[in-house]
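Nothing here was measured: the structure is a model prediction, and the numbers come from that model.
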Amino acid sequence: MSTYRTHNPSTGQTAAEYDGLADHEIDAVISRVADGFDSWRRRSSAERARILAAIGDAFSDRVDELAAAISEEMGKPTAQAAGEVKLAASIYHWYAEHGPALLEPETLDVSGARENTVTVEPVGPLVGVMPWNYPYYQVARFAAPNLMAGNTVILKHASICAKSSALIERIQREAGLPSDAYVNVYASSDQVAEMIADPRVHGVSLTGSEGAGAAVAEVAGKNLTKSVLELGGSDPLVVLDTDDVGELVDTVGRARLSNSGQACNSPKRMFVPDGIYEEFVAGLTDLYGRIAVGEATDEATEMGPLSSEDARDGVVEQVRTAVEQGAKLRIGGDPIDRPGAYMEPTVLTDITDEMDVYHDEVFGPVAMIYRYTELDEALRVANDTRFGLSGSVWGTDPDEAARVADRIDAGMVYVNEHGTTRAGLPFGGVKASGYGRELGRWGMGEFVNTRLRRVH
């Protein structure tokens with residue numbers, strides 16, 4: 001039996017512990033959502049949409065309560081936490097508004113028959129394995145489209161997100177979602193593997209690390225269970241030129257520190273041309289020396305703690321290894337000597353392909369800056385990664401920047417912004433960043449049966 005806990009990374013104190021799912025309870029959980037699927041799928045799309053809209057309304061109405069929960073359990077500053085709650089609400093609302101139309105039958109104009117009709121049908125119970133870095137947003141982008149489609153859900157959240165995951169389930173129940181359409185479980189990795197292998201489960205979606213994704217994909221593949229994976233990223237941010245180096249530094253530098261740098265699609269590697277490189281590095285170093293690092297609930301805080309002391313120590317070790325291997329530490333790199341999971345905002349330069357950080361994802365407040373003379377070489381290095389989640393290009397000519405963006409190997413590319421997510425936009429990557437898409441109409445297409453009915 002696994003143990004979930006609420007451990008506040010702002011204070012280093014454990015607030016609560018929760019008993020995990022017992023092995024003998026797994027069958028009952030699967031039976032519950034399998035039985036629930038029979039009735040949930042038969043609800044009209046309009047009725048399912050009404051319930052999703054009510055869930056979205058509840059998120060909008062309870063921003064403060066929901067934000068406080070994730071600030072406590074994973075350290076997200078209050079303003080960022082509130083923003084995440086509102087983003088989750090927008091996803092439920094988007095599918096409530098657009099979902100019914102996406103489920104409408106389509107007639108194909110193909111000769112040789114009286115009728116060619118394509119319908120979109122739910123496939124059955126799904127397992128969702130969610131990460132701690134965006135506790136509400138990640139669940140919403142998986143659960144909203146699949147509940148709208150008529151599937152049912154077993155949700156296994158990160159072990160530090162026991163409080164917020166319980167709140168999500170409670171809100172859904174109060175909004176009218178049947179208790180057997182969505183079940184929150186405090187499960188272990190082995191228990192998740194057992195669920196995926198069960199023939200009553202018809203799909204699994206995971207957002208998390210490469211290792212977790214590989215483990216889930218292996219079990220899913222052996223059992224011919226459909227899977228969607230959103231894994232890590234080492235996103236490049238390529239600067240072409242700028243009219244204001246200071247403004248650019250402030251924008252992209254703060255973007256890197258959002259959620260304490262703990263985002264798969266954070267701009268982790270910044271490529272800056274010779275002409276502005278020194279000014280850019282100096283500006284970012286100065287900015288990171290002034291960032292107010294503090295408790296998540298402090299209004300003056302610009303960057304909160306990392307999710308845990310272990311997570312913090314792992315990033316610190318990556319920085320120390322990089323310096324030992326020859327990278328130049330411009331500022332930061334150390335834990336902050338106070339209770340909690342705090343780390344100094346960090347700038348690394350002079351990185352080569354012989355260093356570990358060149359190849360690995362750094363999931364914390366570390367900006368890595370690469371100097372370039374030739375754009376082709378910058379793009380070669382930008383694409384010289386096993387990841388392919390997203391990337392961005394920044395320049396004064398948006399058309400030229402867009403042409404450069406098309407040369408980045410990623411599932412999402414942006415011009416003069418980085419990592420923007422909206423309910424109607426597809427989200428997902430290529431290469432080791434995973435496969436499949438979430439959000440928008442693409443999120444409705446992953447776990448459905450696109451069924452043809454042809455009448456001769």
Side-chain angles (χ1 to χ4, degrees), residues 26-27 29-38 40-42 45 48 91 95 99 102-103 106 118-131 138-157 180-185 187 189-232 264 388-389 411 426-453:
I26 296 173
D27 181 73
V29 169
I30 299 174
S31 294
R32 185 173 162 190
V33 294
D35 292 342
F37 174 63
D38 288 336
W40 179 244
R41 71 180 302 184
R42 286 177 171 77
S45 61
R48 295 198 295 264
I91 293 171
Y95 281 104
L102 294 173
L103 297 173
E106 180 182 0
V118 174
T119 57
V120 180
E121 309 290 341
V123 294
L126 310 174
V127 172
V129 183
M130 298 293 110
Q138 303 279 8
V139 173
R141 74 185 197 191
F142 163 67
N146 286 302
L147 291 171
M148 183 66 236
N151 295 313
T152 53
V153 169
I154 300 171
L155 199 289
K156 185 268 185 221
H157 218 314
D180 53 7
Y182 180 105
V183 179
N184 179 60
V185 294
S189 297
D190 289 344
Q191 290 172 332
V192 168
E194 184 175 341
M195 292 176 190
I196 297 169
D198 192 290
R200 292 169 292 180
V201 170
H202 292 270
V204 56
S205 179
L206 174 140
T207 298
S209 67
E210 289 177 85
V216 163
E218 181 179 7
V219 177
K222 286 180 178 178
N223 292 279
L224 299 180
T225 303
K226 172 69 182 292
S227 61
V228 168
L229 303 179
E230 194 273 281
L231 308 178
C264 298
L389 189 55
F427 190 103
V430 295
K431 302 192 287 186
S433 290
Y435 50 77
R437 291 295 180 270
E438 294 179 306
L439 297 179
R441 63 180 174 85
W442 301 269
M444 286 282 288
E446 292 291 351
F447 295 106
V448 294
N449 174 18
T450 304
R451 188 177 66 183
L452 170 66
R453 183 181 70 213

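Side-chain N or O atoms of D180 include none that pairs as donor or acceptor with a backbone N or O of D35 at under 3.5 Å. K226 contributes a side-chain N or O that, together with a main-chain N or O of E446, makes up a donor-acceptor pair within less than 3.5 Å. For S205 (side chain) and F142 (main-chain N/O), no donor-acceptor pair under 3.5 Å exists by modelled atom type.
Residues passing the side-chain hydrogen bond (donor to acceptor under 3.5 Å, both in side chains) test with T225, sequence neighbours excluded: none.
Considering only heavy atoms from C-beta on, H202 stays 4.5 Å or farther from N151 through its side chain. Taking the side chain as every heavy atom from C-beta outward, R48 and S45 approach each other to under 4.5 Å. In this structure the side chain of Y95 reaches within 4.5 angstrom of the side chain of M444, judged on heavy atoms. Counting heavy atoms from C-beta on, the side chains of L126 and V201 never come closer than 4.5 Å. Using a 4.5 Å heavy-atom threshold, the side chains of F427 and L389 count as touching. Using a 4.5 Å cut-off on side-chain heavy atoms (C-beta onward), I196 and V216 make contact. With contacts defined as side-chain heavy-atom distances shorter than 4.5 Å, the pair V139/Y182 qualifies. Using a 4.5 Å cut-off on side-chain heavy atoms (C-beta onward), P145 and W442 make no contact.
Residues S227 and Y435 share a closest heavy-atom pair of OG-OH, 2.8 Å. For the pair A220 and V204, the tightest heavy-atom approach, listed with the atom from each and the gap, is CB-CG1, 4.1 Å. The nearest pair of heavy atoms linking V219 to A193 is CG1-O, 3.6 Å. Of all heavy-atom pairs between G150 and P122, the closest is C-CB, 3.5 Å. Across every non-hydrogen atom of P125 and A34, the tightest pair is CG-CA, 3.7 Å. Here the closest heavy-atom approach between residue Q138 and residue M130 is recorded as O-SD, 3.4 Å.
Every pair passing salt bridge (charged side-chain N to carboxylate O under 4.0 Å, His left out) that includes a residue from residues 195-206 is listed here, sequence neighbours excluded: D27-R200, D198-R200. For residues 427-443, the set of pairs meeting the salt bridge (charged side-chain N to carboxylate O under 4.0 Å, His left out) definition, not counting sequence neighbours, comprises R141-E438.
For the atom pair CG of N184 and CG of L155, the computed distance is 6.0 Å after rounding to the nearest 0.5 Å. Here the CH2 atom belonging to W40 is positioned 10.0 Å from the OG1 atom belonging to T152, to the nearest 0.5 angstrom. Rounding to the nearest 0.5 angstrom, the gap separating the CD atom in E230 from the OG atom in S433 is 7.5 Å.
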